[in-house]
Structures are given as C-alpha cells and as structure tokens.
Amino acid sequence: MPGRLPRGARARAPPVGLTDHCRSPNVLDIRLLRTELERIVANLARRGYVLAVDRFTDLERRRKETQVTVDALRNERNTRSKAIGQARARGAEIAPLLAEVETLGSRLSAAEQALTALQAELDALLFDVPNLLHDSVPLGADDTANVEVRRHGEPRRFDFEPADHVALGERLGGLDLDAAGRLSGARFSVLSGPLAALHRALAQFMLDLHTREHGYREVYVPYLVSRPTMTGTGQLPKFEADLFRVAGEPERFLIPTAEVPLTNLAADRILAAAELPLRFVAHTPCFRSEAGSHGKDTRGLIRQHQFDKVELVQIVRPADSYQALEELTGHAERVLQRLDLPYRVIALCAGDIGFGSAKTYDLEVWLPGQGRYREISSCSNCEAFQARRMLARWRNPDSGRPEPVHTLNGSGVAVGRALVAVLENGQQADGSVSVPAVLRPYLGGVERLAPP
RNA sequence: GGAGAGGUGGCCGAGUGGUCGAAGGCGCUGGACUGGAAUUCCAGUAAUACCCACAAGGUAUUCGUGGGUUCGAAUCCCACCCUCUCCGCCA
C-alpha cells in the first residue's frame, strides 16, 4: 500500500468511509495481529466480538503476496524506464526497449487493482474491530456486570416526595419542553430565565475548575467536522446512524461530543516528547441522533438530540495513560464533589465498554427524582486506538521513532444532566431549589431559585 | 457569490516529461576548532508499507487529493479540496 498519509491528506473522503489517512489497516496494531493473533482473538471475545480470523489471515496473506508482486513490477518498470531515458540521451535506438515493456503496463495495473481491492476488503474488516481491553476490565456481557469502584456522598433523605427535574423546572418557569417540541420536535429543550442562567453557570464553573485547577487548556472548536475527523476518533465508519449529517457539500457531521475535534487536534502530527501531555477542555453542544433509543428516557432532559457538555481530552505518552485515566476521572469527580452531588464510580465491564475504549469509568450521579444513579460522565483510555486511526504520534526518545500516542477523553461533565442533578438534589418542599455554593458567584450571588 | 494568484521535505524556496525523494538556504543533530561559547568548517537530517530478526541492507509509495495521458509525471490533461489578494455580501 502506498504512503499512508501525505500532509494535508484530508481532502475528499473515499467511498467506503475510509479516509485518506486511515487507509492502513493499523486500527489494531497490525504487528500484534500478525504475531499474537490468538491473544487478540481472546481479548476481543471478552467483549463478545468474534474476529473473522480465517478471513483476516487469508486476506492479509493475499495482500502481502500481491503487494510484493506489485512492488516487483513497479521496480521493473522503473528500471526499464530509466534505461530508456538513458538510451535516448545517448541517441541510441529505443524501439526494442519499448517492445520489451509492452505487456508490463497491463500486468502492473491488473496487480494494482487486485491490491486495491484486497486492501479495501481488509480495511472494511479491520475498521469494524473494536479496541482491545485492558486486563483490569471486569468480565461481563452487559451493564449488570459493571463494577462499582467507589461512592462519594450520601443520597439526601427527603421528608417529602422529591419531584423530578421536569416538574421542578416547569414550576420554576424556565423549562419548556412543549416549546422545544414545536420548534424542533422531541428530545429538544428550551431553557429560560434562571434555568438558562444556571445551565450557563454550570458550564462556566466546570471550565474554570479544569483550566485553573487541573491544568487544561480551554479550546474553542468546530461543531461541524469532516468524515476523516469522525473516522479518526472512531464514530465512523461503523456508527454513522448515530450522527447528524448536514446536507450539502462538502460533507459535514455535527459533533456528538467535543472529544472528536479535541482529540483530532493531534491528528497527522508527530509531537515532541516535551509537548506531552496535552490537556484540552472545551464546552460545546453535542448532537446525537439517538437512533435505537426510542422509548428510553423520553421524559425531560436526560436524553436529548442536543445537549451541552464540558469535555476533557488528554494526549499522553503511552506509559502514562493509565495514571492519566485515574487523574482525568478524578477531575470529573471534582466537579460533582464541588457541586455537592452524591455519585458513584463504575468500572464498565467488557461487554458494556465503548468501541474505541480500552478501559472506561462511568460517573453516575444520584437523581432523587428517579431514585437511582444515572450516568453523568464517561472517562475512557483509548490507548493507541484513535491515535492509529488519525496518525497521532510522538517522537519516542528511546526509539527515536514516531509512535502512536495514547488518547483519553471524559466528560467533565455533561451540563444538561448536571442541571438535572442540581435541581433534583437541591429541591425544597416549596418547589424552590438551593443553588450550590460554587455556582453562586456565577449567578450574581443568588442562593436559591424560587417559583414565581 | 465574482475575478485573479498559488499549494514542493520541520520551515523558506528551485525545479515544466527521463538516474528527482527532489538544488540551495534556514532549522535541527553529531563531529572538528575553543578554557567555555560564538563564528567557521565537515557530516547527517522524512514518513509509510513490504522482504527481513520492528538489526543491517533492499524494494515500493508519497511534490494538496483523486483520476487520466505516457515506456516514464513534481513537471502535461481533467475533477475536487485548500490558501492568499481584490470586489460583493455578512456577525
């Protein structure tokens, strides 16, 4: 296969959904696939993913053969073409030399076509393969096997029946789901007045916390991105149905999370060791089609087509990525701690973990209105999975060579759900809501939101 | 949206069909010189895939992207993307 990633190779997306810089099968480490196939198969099986081993082995073997053939034919062409050039420069007769290469062109293009086809098949196969799991990931097929790692805070005892955020919001006069329905349809919301301000205060508080205390750099990013960008972080080609694609040319998708633009900041780059770790934080809206979630969480703000999130992304040296995951999770936890919200940390099990992640912690916040913990943050170490797709590398001083970085992301945290949690946890019997102390400076000192 | 110019290695920049992966310069690395440094001089300085032990060595590919012409393309043709300048419009 020819050069993987020339500079600026992000122009136009090829048909299959493979991008210029994702053309290599390096979705998993191709060397691992060749040398430790059994271990990989076993690891993927923990997710319940069955790797088509025979098909892969066969395709890879044929690809290699074909590539050797192509290389040899090209070598012959180059050699002979040079000879023709030299002969002509000498003024020698070149007709016999031309006759020698007569069939070369067709043989070469046949072999090249075969190679392209094989490569496309391999890509299609490998772009579907999820990341390998870290050894510490709990076994299990679905969310019932997730493991609680720790809890923080005690769910508050109410001496009245706690309302849910929809009732609270409507009573406060700042949540209008009907209006959103008229404007856009289901799963959208209109916030106004104190609720809109509280929403903004939450985002701003989170940004300030992460930039001032956790060492993140605040970034403003595009909300519309290209197909190669979506492919780099793993949303494409497999999960196109989950995304909103906007009409028109050039093709663009609405981001489902700021992880996409933030992580792709490292795409196509070879970072100096001294630049690492990179820590980015961004507050953006997120757009998700929620295909396949019909009937789930239809009430209120929990599951929306559009919601705001403060996202944390780290680009780190591979050796540091698991410590970074613990730290990043702690950064997200700090948000909930400062807001005085009870939560627990869950280690996702093999069957529940996301496509590109090697290990994930979910933060679940206590929602009195539902009487249960609900996800409010998800913190993942993607190891080199995304880095290989997007060719995000660093110059390893030990080897002197460019090697994939490790990428991590985590919500720090989902703003909409944080709003839900603040409303429900802070509610009083009279329908008012007490504002967490850390948010008051953002609200002109207001301590309590009361119904009009 | 209209008109024009342009996209070459980490950067600048030469190169309009033939040993061009690409002159020259800058930067960087190593060495010489020095008490140390500067200056100067010498050498080196891409990525990816494949063969192979991820060694040495070799082959292929990459001059915005894709396609075409040709024995041979950075160089010719087509389409697209992007950048810059001017005009229009606009936050």
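This one's a predicted model, so the numbers in the text were calculated from it and none came from an experiment. Chain identifiers are assigned alphabetically (A, B, ...) following the order of the sequence lines, protein sequences preceding nucleic acid strands; residue numbering begins at 1 within each chain.
Computed from coordinates, the A:Lys82 NZ to B:rA73 C1' distance equals 14 Å when rounded to whole Å. Atom CG in A:Leu115 sits roughly 15 Å away from atom P in B:rA60 (whole-Å rounding). Computed from coordinates, the A:Arg88 CZ to B:rU19 P distance equals 11 Å when rounded to whole Å.
A:Arg77 has no side-chain polar atom (N or O) that falls below the 4.0 Å cut-off from OP1 or OP2 of B:rA60. For A:Asn78 and B:rC71, the shortest distance from a side-chain N or O to OP1 or OP2 is not below 4.0 Å.
Using a 4.0 Å cut-off between charged side-chain N and carboxylate O, A:Lys309 and A:Glu311 make a salt bridge. A:Glu240 has a carboxylate O that lies under 4.0 Å from a charged side-chain N of A:Arg245, or vice versa, which qualifies the two as a salt bridge. For A:Glu251 and A:Arg227, the salt-bridge test passes: some basic side-chain N is under 4.0 Å from an acidic carboxylate O. Salt-bridge formation is not detected for the pair A:Glu218/A:Arg212: no Lys NZ or Arg NE/NH1/NH2 atom is positioned less than 4.0 Å from an Asp or Glu carboxylate oxygen.
When heavy atoms are screened at a 4.0 angstrom cut-off, A:Arg269 is found touching no nucleic acid atom at all.
Nearest-nucleotide assignment on RNA chain B puts the 5′-proximal partner with A:Ile270, out of A:Val101 and A:Ile270.
Distance noted for atom C1' between B:rC28 and B:rA46: 13 Å (whole Å).
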